[in-house]
Amino acid sequence: MKRTHTCSQLRDTDIDQEVVLMGWVQHRRDHGGVVFIDLRDKNGITQIVFNPVISGNVHGKAQELRNEYVIGIRGKVAARPGDMRNPNMETGAIEILVEELKIFSQAKTPAFQIDERVDASETVRLQYRYLDLRRPQLKKNILDRHKATMAIRNYLDNNGFIDIETPFLTKSTPEGARDYLVPSRVNQGEFYALPQSPQLFKQLLMIAGFERYYQIVRCFRDEDLRADRQPEFTQIDMELSFVDEHEIMKIAEEMIRNLFKQVLGSDLALSFPQITYDEAIDRFGLDRPDLRFGLELCNVSDIVKDAGFKVFANMVKNGGLVKAINAKGCANFTRKQIDELTAFTSIYKAKGLAWIKIKEDQWQSPIAKFFTDDEKNALAQRLDLEPGDIVFFVADQPKITNEALGQLRNELGRRLELISDDVFEFIWVTQFPLFDYDETEKRYHSPHHPFTAPLETDIDKLTTAPLEIKSRAYDLVLNGIEIGGGSIRIHDTKLQEKVFNCLGIDNEEAQEKFGFLLEALASGAPPHGGIAFGLDRLMMILCKEDSIRNVIAFPKTQKATCLLTDAPSKAAPAQLQELAIKVSKIEG
RNA sequence: GGGGGUGUAGUUCAGUUUGGUUAGAACGCUUGCCUGUCACGCAAGAGGUCGCGAGUUCGAGUCUCGUCACUCCCGCCA
């Protein structure tokens with residue numbers, strides 16, 4: 001028996017053909033006489049019919065069939081009688097009159113129904129992932145992911161990028177995320193680290209002269225999980241020589257546009273808007289603004305700096321920041337809703353959420369009485385206050401004010417249903433700070449990574465004002481989620497050493513940890529830069545999913561376990577002995 | 001490390017507020033009937049460690065404490 005067609009192919013133009021289909025029993029409808037079965041394969045579903053008039057033998061055997069049995073059938077394509085056609089099925093005009101049935105394998109009753117209309121908990125879905133992958137939603141996501149990676153490979157190949165593999169068993173790098181370690185048997189007591197990204201290798205490939213590199217590559221970070229974070233995830237990793245940030249962004253845009261065209265058939269704008277980090281923080285409070293709705297933040301520190309409301313005034317005097325959001329037309333928020341929003345902002349360390357409801361004749365608010373008429377007028381003008389509005393204020397240290405109010409903006413967007421997942425709003429965020437200051441460790445720190453180039457105009461601030469230096473780094477943000485980021489790298493040994501020094505890494509330590517990179521940079525390094533996209537996050541948005549688990553074939557749970565294979569698990573004593581590893585339980 | 005949610009039949013859930021007879025429903029499953037269904041229909045039936053462990057009580061799915069799993073978030077994630 002040799003398959004002639006898939007279960008999505010046959011139409012009423014194929015009537016009277018003799019065909020062989022193979023697949024899974026999606027559903028069985030036994031009428032005692034005639035038996036209908038929906039046969040499912042990767043591509044679709046076709047109804048097959050067992051009729052005792054055609055073959056009593058085969059009809060009898062069909063009694064054995066149950067859901068998810070795997071079968072092959074030979075039969076003739078027949079038109080369905082006019083009113084028996086199913087307009088909801090692609091193949092609804094025809095059916096197969098079965099003449100021969102082969103049962104390839106029987107199937108236990110599945111743990112959950114293979115039907116998108118029936119829910120199953122994530123626990124049981126992960127445990128029987130191969131069953132969940134049979135269902136339309138996950139199957140479509142995985143197929144779309146394939147389309148996306150094909151679009152990426154085609155685009156990059158057509159533009160001179162070389163796919164080069166880099167090691168998984170590599171060296172632990174300081175800074176950054178916690179590493180996954182792999183013990184070395186041959187070198188007892190020593191460990192490889194799985195790469196958090198191929199960052200240094202792709203720079204070495206530029207120094208090696210490949211000029212354009214890409215890789216769709218697994219990366220590993222041993223940090224706590226989130227809906228959009230798995231311990232192993234996939235990057236579309238790219239690096240280019242002899243280019244500046246504008247060229248890299250242009251190529252990245254074209255690649256993304258190509259991908260959306262191939263996967264969704266939709267046309268994105270020819271270029272994506274750009275915003276500096278400082279402006280993003282100022283207007284949206286976050287470095288990953290969701291542009292699908294307005295509700296921008298408004299700085300009112302100058303207006304309230306002398307106000308009778310001391311919480312605001314003192315905050316400004318002590319270097320704090322007072323910002324506000326006008327939620328247009330939401331003066332009907334209840335006390336309960338306001339309390340919920342207050343609790344929401346407290347997650348992000350805001351000490352309070354002040355509010356004013358704008359009524360026709362007055363301001364209703366616990367704090368309105370503290371403002372002079374001049375201050376009220378200034379606020380009304382700055383915030384475009386009109387009757388029916390409610391305005392929310394956060395007064396705190398700048399980092400907290402921006403974070404809390406930025407998150408509140410997103411929450412309001414969700415609550416007011418201003419956000420559609422049918423819309424794709426891209427934006428580049430540029431000129432990130434080169435350093436931030438780690439209060440606990442009392443030292444500078446790279447928000448991106450220590451190989452990021454500073455703006456040329458800021459280089460002389462390395463010794464005078466490191467925190468004011470802007471970098472040649474850029475992130476691509478889609479619907480409020482960072483889907484990619486990169487930078488122009490430092491290709492000059494001297495500059496790289498200066499940056500290390502700023503980070504508190506002296507020459508000796510730099511030699512020990514990054515000596516191979518410094519050596520390479522000193523061996524003829526072209527100007528270069530690159531970008532890496534989170535494929536899982538990109539697919540999550542494209543597939544309108546809430547979690548990257550739904551675009552990964554075999555994801556892990558929040559405790560980084562695999563419910564299907566039961567990984568991780570204990571190692572056999574002999575394995576540990578070979579590795580010279582002794583496991584001791586660490587007491588809490 | 002911290003905060004929130006969930007855990008009852010194979011699956012999804014109700015029941016927990018206010019402790020009390022035999023823990024229900026739907027889907028699925030099994031058996032029988034049924035020749036035009038397509039979430040077929042009809043009839044009958046099986047199916048429960050109420051996550052686990054202590055405790056309170058005459059009595060715990062329900063109350064208390066602990067614990068485990070899944071999940072969302074904070075911290076963390078260059």
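In what follows, every heavy atom counts, from backbone to side chain, and hydrogens, waters and symmetry copies are set aside. Lettering of chains follows the sequences in order, A, B, ..., and the numbering in each one begins at 1.
Applying the Watson-Crick and G-U wobble criteria (two distances, each under 3.5 Å), B:G7 pairs with B:C68. Using N1 to N3 plus N6-O4 or O6-N4 for Watson-Crick, or N1-O2 and O6-N3 for G-U wobble, each under 3.5 Å, B:G59 pairs with nothing. The base-pairing partner of B:G24, taking Watson-Crick or G-U wobble contacts with both distances under 3.5 Å, is B:C13. Here B:U37 sits opposite no nucleotide as a Watson-Crick or G-U wobble pair (both hydrogen-bonding atom distances under 3.5 Å). For B:A43, the paired nucleotide is B:U31, the pair qualifying as Watson-Crick or G-U wobble because both relevant distances are below 3.5 Å.
In this structure, A:Lys470 contributes its side chain and A:Leu434 its backbone to no donor-acceptor pair below 3.5 Å. Panel note: side chain A:Thr91, backbone A:Ile45; a donor-acceptor pair is recorded below 3.5 Å. Side-chain atoms of A:Lys202 come within 3.5 Å of backbone atoms of A:Met238 as a donor-acceptor pair (strictly under, hydrogens ignored). The closest donor-acceptor contact from the side chain of A:Arg229 to the backbone of A:Asp224 lies under 3.5 Å.
Using a 4.0 Å heavy-atom distance criterion, A:Val35 is classed as making no nucleic acid contact. Here A:Arg549 lies in heavy-atom contact (under 4.0 Å) with sugar-phosphate atoms only. Within 4.0 Å (heavy atoms only), A:Thr561 reaches sugar-phosphate atoms of the nucleic acid but no base atom. When heavy atoms are screened at a 4.0 angstrom cut-off, A:Asn51 is found touching base atoms of the nucleic acid. Counting non-hydrogen atoms under 4.0 angstrom, A:Tyr348 reaches the backbone sugars and phosphates but no base.
Checking the phosphate oxygens (OP1, OP2) of B:U12, a side-chain nitrogen or oxygen of A:Ser121 falls inside 4.0 Å. OP1 and OP2 of B:U11 both lie 4.0 Å or more from every side-chain N or O belonging to A:Thr109. Of the side-chain N and O atoms in A:Lys559, one or more sit less than 4.0 angstrom from OP1 or OP2 of B:A69. The shortest distance between the side-chain N/O atoms of A:Gln558 and the OP1/OP2 oxygens of B:C72 is below 4.0 Å.
For the C1' atoms, the distance from B:G53 to B:G61 is 16 Å, rounded to whole Å. For the P atom pair drawn from B:U18 and B:C65, the interatomic distance equals 15 Å after rounding to whole Å. The gap from the C1' atom of B:U37 to that of B:C42 amounts to 15 Å, rounded to the nearest Å. Nucleotides B:U62 and B:U8, compared at atom P, are 14 Å apart to the nearest Å. Spacing between B:G5 and B:C63 at atom P, rounded to whole Å, works out to 14 Å. Between B:C27 and B:A39, the distance separating the two C1' atoms is 10 Å to the nearest Å. Atom name C1', nucleotides B:A23 and B:G55: the rounded distance is 23 Å, in whole Å. Comparing the C1' positions of B:A60 and B:G51 gives an interatomic distance of 16 Å, to the nearest angstrom.
Rounded to whole angstrom, the span from the CG atom of A:Asn88 across to the P atom of B:U37 amounts to 14 Å. Distance A:Ile48 CD1 to B:C38 C1': 13 Å, rounded to the nearest Å. When rounded to the nearest whole Å, the span between CZ of A:Arg29 and C1' of B:A39 equals 9 Å. When the P atom of B:C29 is taken as reference, atom CD of A:Gln106 falls 15 Å away, rounded to whole Å. Note: CG (A:Asp546) to P (B:C72) measures 9 Å, nearest angstrom. Here the C1' atom of nucleotide B:C74 and the CD1 atom of A:Ile400 are 13 Å apart, to the nearest Å. One can place CD1 of A:Ile483 at 22 Å from P of B:C77, the figure rounded to the nearest angstrom. Atom pair A:Glu411:CD and B:G4:P shows a separation of 18 Å (rounding to whole Å applied).
Contact annotation: the side chain of A:Glu99 never approaches that of A:Ser55 to less than 4.5 Å [non-hydrogen atoms, C-beta and beyond]. Side-chain contact check for A:Phe435 versus A:Ile469: some heavy-atom pair is nearer than 4.5 Å. Between A:Tyr192 and A:Thr170, the closest side-chain pair of non-hydrogen atoms is not below 4.5 Å.
Counting heavy atoms of neighbouring residues, nucleotides and ligands inside a 6.0 Å radius, atom NZ of A:Lys461 exceeds 12 of them. For A:Lys544, the NZ atom is densely surrounded, since the number of other residues' heavy atoms within 6.0 Å is greater than 12.
Taking every side-chain heavy atom of A:Val34 into account, B:G36 is the closest of B:G36, B:U11, B:A39. Nearest to the side chain of A:Leu126, among B:U11, B:U71, B:C38, sits B:U71. Distance from the side chain of A:Leu563 is smallest to B:C70 among B:C38, B:C70, B:U35. Closest approach to the A:Pro81 side chain among B:G36, B:U12, B:C74 is made by B:G36 (side chain taken as heavy atoms from C-beta onward).
Donor-acceptor pairing under 3.5 Å is recorded for the side chains of A:Gln215 and A:Thr166. Between the side chains of A:Gln407 and A:Glu411, no donor-acceptor pair is found at a separation under 3.5 Å.
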Could you list the protein-to-nucleotides 41-43 of chain B atom pairs, N/O on both sides, closer than 3.5 Å?
none

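The aromatic rings of A:Phe220 and A:Phe168 lie perpendicular to each other, with more than 60° between the two planes, well past the 30° mark. Between A:Tyr130 and A:Tyr128, the ring planes lie perpendicular to each other; the angle is over 60°, past the 30° to 60° tilted range.
The distance between the ring centers of A:Tyr213 and A:Phe201 does not fall below 6.0 angstrom.
Nucleotides of RNA chain B nearest to A:Lys556 and A:Phe36 differ in position, and the one nearer the 5' end is that of A:Phe36. When the nearest nucleotides of RNA chain B are assigned to A:Arg85 and A:Phe451 by heavy-atom distance, the more 5′-ward of the two goes with A:Arg85.
A heavy atom lying under 4.0 Å from RNA chain B marks the following residues of residues 54-79 of chain A, by number: A:Arg66, A:Asn67. Across residues 216-229 of chain A, A:Arg221, A:Glu223, A:Asp224, A:Arg226, A:Ala227, A:Arg229 each have a non-hydrogen atom less than 4.0 Å from an atom of RNA chain B (numbered order).
Each of A:Gln106, A:Lys108, A:Arg40 was evaluated against A:Glu68; a single residue qualifies, A:Arg40, per the side-chain hydrogen bond (donor to acceptor under 3.5 Å, both in side chains) test.
Look at A:Phe112 and the base of B:U11; the rings do not stack under the cut-offs of 5.5 Å between centres and 30° between planes.
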